Amino acid sequence: MKMKKYTASTMVEAMRKVREDFGDDAVILSSNVTKTKGFLGLFRKRSVEVVASYDKTNAERTFESQVRSVQPPVAEPESVERMQREMREIKQMLKDIQQGDHTFEKYPDELLPVLKKLQTQGLASEYIMEIGNLVFNRMKQDKVDFTEEQQMELIRAWFSDCLHDIPFGGISYQKKFINVLGPTGVGKTTTIAKIAARALLEEKKKVGFITTDTYRIAAIEQLRTYANLLQAPVEIAYNEEDFRIAIEKLKDLDLIFIDTAGRNYKEAKFVDDLSKLIDFSLDMETFLVLSTTSKEQDMDTIIRQFDQFPIKKFIFTKTDETNSVGAIINLMLKYGIGVSYFTDGQEVPEDLTEASLEKIVDLLLVGDSCA
């Protein structure tokens, strides 16, 4: 791994030097502000020290380029997704054959399709059984076989009753700071850009951004790109002092969106670092972004790691990349936390849906986020 220390008068100049030597994939190991001694203690100058690293040499990059040139073409994303989906279905079929699925033996055949769909979607077994018992008992009470439409009506009523006290909907526009947390790879930066674009275009709000994701230069540049499109200012916070300065610079704006670093927040250290950097006592709404392509157990671990923060609502991303959205319902019911938005693509700001009870249930039962 190559490491180098840079000293410059400003952070922007230091980052330019890093990019010139290591490119956009450089990793920032540390940064701090120093003051040089002046004559008789006067005229002290402020400078910035940055330690950066990169673990690939030019020879390694050349070798990788040569290897890629002889590799066969990479499959299109749609083809890969289709193959992965088919493999999951085959594995589930083999599992059912080996273990046998006796869960729904007591229910009539007319009720099985919708219950199995809920099972495929990943809804918890306890909720599926409650739904099955509700519909089956009504069928026995009325002494008729319900149509699928009648079954769906009862199921929607069950969800409405269970989720009645859980809040839904986007940002309130009552808080100045919109803080977005979440692990790496869930699409926080793109999601922030979508919400900010809606606020700017539809609500005519003056917006700005603070990023604390100083670990990856590419992440900063991505946010700058979105901010430039929205003609909105961006401030970078490497430490607590930078965060306070950024707040002061953006104080005249209506909304300030905070893009936090994407880290493996299963490690408590990164959560502690975040609590020291961001002042959660500000006039702030905090949202936790989770990807529906993640395992429910992993999402549950992340939620528990963030329980020290005042999470107002979840934001679920990549709903177009999975056929299992039951985890959304499971986690809402487990923690009593609602959903603000869910996303189903990369287009800004189009692929963003403000959540409601009806839309979440449609996503589960129909697979249509816009119904």
Side-chain angles (χ1 to χ4, degrees), residues 121 156 159-182 186-209 223 226-227 229-230 232 253-260 283-294 299 303 306 309-322 324-333 335-371:
Q121 286 277 30
R156 289 179 185 277
F159 280 114
S160 179
D161 183 60
C162 288
L163 301 174
H164 177 73
D165 295 326
I166 295 180
F168 291 91
I171 61 176
S172 67
Y173 293 101
Q174 301 300 312
K175 304 289 186 178
K176 188 179 187 67
F177 297 93
I178 309 299
N179 186 32
V180 181
L181 311 177
V186 297
K188 291 192 305 299
T189 302
T190 303
T191 300
I192 285 176
K194 293 175 182 179
I195 301 172
R198 292 276 182 89
L200 175 69
L201 299 174
E202 297 178 4
E203 303 295 330
K204 310 303 180 186
K205 299 293 184 180
K206 294 185 293 183
V207 304
F209 302 92
L223 185 60
Y226 289 132
L229 292 173
L230 298 176
L253 299 179
D254 298 318
L255 295 172
I256 300 173
F257 291 85
I258 304 172
D259 187 11
T260 57
D283 187 29
M284 178 182 294
E285 288 182 325
T286 299
F287 300 86
L288 178 59
V289 181
L290 300 168
S291 170
T292 54
T293 60
S294 302
M299 289 191 280
I303 295 170
F306 279 101
F309 302 124
I311 304 298
K312 182 176 182 180
K313 292 172 189 170
F314 296 129
I315 298 175
F316 287 98
T317 61
K318 305 182 182 181
T319 59
D320 58 320
E321 298 180 24
T322 180
S324 303
V325 296
I328 294 178
I329 304 289
N330 299 339
L331 295 172
M332 280 195 297
L333 289 173
Y335 290 98
I337 298 176
V339 180
S340 180
Y341 302 96
F342 51 92
T343 72
D344 55 1
Q346 296 296 313
E347 295 297 323
V348 177
E350 291 82 1
D351 297 332
L352 177 76
T353 299
E354 186 171 333
S356 67
L357 190 153
E358 293 77 14
K359 290 176 181 177
I360 291 293
V361 174
D362 281 337
L363 193 63
L364 179 71
L365 298 178
V366 185
D368 184 0
S369 63
C370 299

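From a predicted model like this one, the values you see are computed outputs, not experimental measurements. Position 1 is the first residue of the sequence; numbering continues from there.
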K.L.:
Name the one of I258, I256, L223, D259 that satisfies side chain to side chain contact (heavy atoms under 4.5 Å, CB included) with F209?
P.N.:
L223
K.L.:
Show the nearest heavy-atom pair for residues F316 and M299, with the distance to one decimal.
P.N.:
CE2-SD, 4.2 Å
K.L.:
Using a 3.5 Å distance criterion without hydrogens, assess whether the side chain of Y173 forms a donor-acceptor pair with backbone atoms of L255.
P.N.:
no
K.L.:
Which residue in the set T353, D351, D344 passes side chain to side chain contact (heavy atoms under 4.5 Å, CB included) when paired with T319?
P.N.:
D344
K.L.:
Are any of the side-chain heavy atoms of S172 and K312 separated by less than 4.5 Å?
P.N.:
yes
K.L.:
Between the main-chain N or O of L181 and the side-chain N or O of K188, is there a donor-acceptor pair closer than 3.5 Å?
P.N.:
no
K.L.:
How many angstroms lie between CD1 in I166 and CD1 in I337, if you round to the nearest 0.5 Å?
P.N.:
9.5 Å
K.L.:
Using modelled atom types only, decide if a donor and an acceptor are shared between the side chain of Q121 and the backbone of V325 within a distance under 3.5 Å.
P.N.:
yes
K.L.:
Keeping T286 on the side-chain end and I311 on the backbone end, is there a donor-acceptor pair under 3.5 Å?
P.N.:
no
K.L.:
Side chain of K176, backbone of L253: donor and acceptor closer than 3.5 Å?
P.N.:
yes
K.L.:
Does a side-chain heavy-atom distance below 4.5 Å link I360 with I328?
P.N.:
yes
K.L.:
Distance check, rounded to the nearest 0.5 Å: E285 atom CD versus K313 atom NZ?
P.N.:
7.0 Å
K.L.:
What closest approach, in Å, do V361 and F159 show between heavy atoms, and which atom pair accounts for it?
P.N.:
CG2-CB, 3.7 Å
K.L.:
Without swapping roles, check the side chain of T292 against the backbone of K318 for a donor-acceptor pair under 3.5 Å.
P.N.:
yes
K.L.:
Decide, yes or no, whether a salt bridge links K206 with D254 under the criterion of side-chain N to carboxylate O below 4.0 Å.
P.N.:
no
K.L.:
If you round to the nearest 0.5 Å, how far is CD1 of I303 from CG of L331?
P.N.:
4.5 Å
